[in-house]
Amino acid sequence: MIVVKKRSALTQLHEQCALGKIKKEYLAIVHGKWPEGLKKIDLPLLRKDLPSGDRRAVIDSEKGKPSISMCHVLKQQSQACLIRVRPKTGRLHQIRAHCHAVDHPIVNDPKYTQNGSRPLVGGRMGLHAKSLKFSLDDKDYFIEAEPQQAFWNLLLERE
């Protein structure tokens with residue numbers, strides 16, 4: 001999340017977002033062994049507003065918007081995998097929906113799992129926004145946040 005004080009800054013960021021100039025990197029802990037050749041998930045996503053007020057993203061080749069996630073395995077374990085994800089587009093729940101669609105849902109994701117009801121072990125989901133890079137008023141910004149131990153514990157529990 002980026003908070004700005006001036007309307008002009010907000011306009012610049014919206015423009016960069018639309019042009020794909022804001023660079024984001026995430027860490028994700030997913031169930032199972034990640035397929036060796038799977039480096040790009042290119043599946044169109046459609047936002048669905050549910051009667052409950054909840055929102056979900058679904059794969060929809062006819063009405064969905066282009067959605068691309070670049071994935072790189074950082075650590076493979078027997079029951080889980082740590083991947084770096086760089087979304088090229090910024091759709092609602094993009095990483096979560098893409099990982100689910102390739103049968104490797106994010107650990108502790110209550111919305112995008114096979115049965116939709118995996119318990120939250122360790123109190124958090126296995127998805128972490130690691131870094132954000134953008135420009136504002138001709139100045140470059142790089143914001144980075146290392147995961148807390150609770151994130152790493154999710155991976156340790158699956159060794």
Side-chain angles (χ1 to χ4, degrees), residues 1-4 9-48 55-61 63-114 118 122 124-156 158-159:
M1 176 189 294
I2 303 171
V3 178
V4 296
L10 180 62
T11 303
Q12 286 180 57
L13 289 174
H14 279 175
E15 182 180 309
Q16 287 181 50
C17 211
L19 296 172
K21 291 186 176 183
I22 295 178
K23 306 297 179 201
K24 299 175 256 183
E25 182 174 299
Y26 293 79
L27 295 176
I29 300 171
V30 299
H31 288 280
K33 184 174 180 178
W34 194 261
E36 195 172 310
L38 184 57
K39 298 183 187 311
K40 179 180 181 180
I41 302 173
D42 186 355
L43 296 169
L45 293 174
L46 178 66
R47 175 182 158 162
K48 288 279 189 184
R55 292 180 280 177
R56 303 249 171 137
V58 296
I59 306 301
D60 189 319
S61 57
K63 297 178 187 172
K65 293 183 179 180
S67 305
I68 299 171
S69 299
M70 304 303 294
C71 305
H72 176 76
V73 174
L74 298 175
K75 183 175 185 180
Q76 181 66 65
Q77 295 181 178
S78 60
Q79 297 179 25
C81 182
L82 173 67
I83 60 173
R84 177 184 65 221
V85 184
R86 292 182 175 147
K88 298 296 180 188
T89 50
R91 308 286 177 231
L92 173 77
H93 301 167
Q94 177 176 319
I95 296 169
R96 297 166 70 184
H98 274 172
C99 287
H100 177 259
V102 297
D103 295 325
H104 295 282
I106 293 172
V107 168
N108 287 343
D109 187 339
K111 286 188 182 186
Y112 298 92
T113 58
Q114 303 303 52
R118 290 184 201 264
R124 71 159 293 165
M125 185 172 25
L127 182 64
H128 175 76
K130 186 171 184 338
S131 67
L132 186 64
K133 184 178 179 182
F134 61 95
S135 295
L136 193 58
D137 294 328
D138 296 323
K139 183 177 177 186
D140 293 333
Y141 292 88
F142 181 73
I143 301 164
E144 189 170 32
E146 290 299 322
Q148 294 180 339
Q149 189 59 45
F151 177 84
W152 298 118
N153 289 346
L154 295 173
L155 193 60
L156 292 173
R158 285 155 183 81
E159 280 189 309

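One finds the CG atom of Asp109 at 11.0 Å from the CD1 atom of Ile95 (value rounded to the nearest 0.5 Å). Annotation: the span from Leu43 atom CG to His100 atom NE2 amounts to 12.5 Å, rounded to 0.5 Å. Between the NZ atom in Lys133 and the CD1 atom in Ile22 there is a gap of 12.5 Å [rounded to 0.5 Å]. Taking CZ from Arg47 and CZ from Arg55, the interatomic distance works out to 4.5 Å, rounded to the nearest 0.5 Å. Atom CE of Met125 sits about 10.0 Å away from atom OH of Tyr112, to the nearest 0.5 Å. Going from atom CG of Leu10 over to atom CD of Glu15 covers 11.5 Å, rounded to the nearest 0.5 Å.
Ser67 and Arg91 make their closest contact through OG-CG, 3.0 Å (heavy atoms, listed as atom of the first residue, atom of the second, distance). In this structure, Gln76 and Gly32 approach most closely via the heavy-atom pair NE2-O, 3.5 Å. For the pair Ser69 and Gln94, the tightest heavy-atom approach, listed with the atom from each and the gap, is OG-NE2, 3.0 Å. His93 and Arg56 make their closest contact through ND1-CA, 4.3 Å (heavy atoms, listed as atom of the first residue, atom of the second, distance). Taking all atoms of both residues into account, the shortest heavy-atom contact from His128 to Ala145 is NE2-O, 2.6 Å. Between Lys24 and Gly90, the closest heavy-atom pair is NZ-CA, 4.0 Å.
The closest side-chain heavy-atom distance from Val30 to Val102 is not below 4.5 Å. Taking 4.5 Å as the limit, some side-chain heavy atom of His104 sits within range of a side-chain heavy atom of Pro35. Contact of the Lys130 side chain with the Glu146 side chain is registered, since non-hydrogen atoms from C-beta on lie closer than 4.5 Å. The closest side-chain heavy-atom distance from Cys81 to Val73 is below 4.5 Å. Contact of the His98 side chain with the Leu45 side chain is registered, since non-hydrogen atoms from C-beta on lie closer than 4.5 Å. Looking at Phe134 and Ile2, their side chains come closer than 4.5 Å, going by heavy atoms from C-beta outward. At least one side-chain heavy atom of Ile68 sits less than 4.5 Å from a side-chain heavy atom of Lys40. The shortest distance between side-chain heavy atoms of Leu156 and Gln149 falls below 4.5 Å.
Side-chain atoms of Lys23 come within 3.5 Å of backbone atoms of Gly20 as a donor-acceptor pair (strictly under, hydrogens ignored). Remark: side-chain polar atoms of Asn108 are paired, donor with acceptor, to backbone N or O of Arg124 under 3.5 angstrom. Proximity of a side-chain donor or acceptor of Gln12 to a complementary backbone N or O of Asp137 within less than 3.5 Å is detected.
Side-chain contact check for Ser135 and Gln16: no donor-acceptor pair (N or O, by modelled atom type) lies under 3.5 Å.
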Begin with the C-alpha distance, continue with both residues' side-chain angles, and end with the deciding distance and a verdict on side-chain contact (heavy atoms from CB on, under 4.5 Å) for Cys71 and Ile41.
CA-CA 8 Å; Cys71 305; Ile41 302 173; 3.9 Å; yes
Given the rule in the side-chain contact (heavy atoms from CB on, under 4.5 Å) test, do Lys65 and Thr89 qualify, once you have shown the distances and angles that lead to the verdict?
CA-CA 9 Å; Lys65 293 183 179 180; Thr89 50; over 6 Å; no
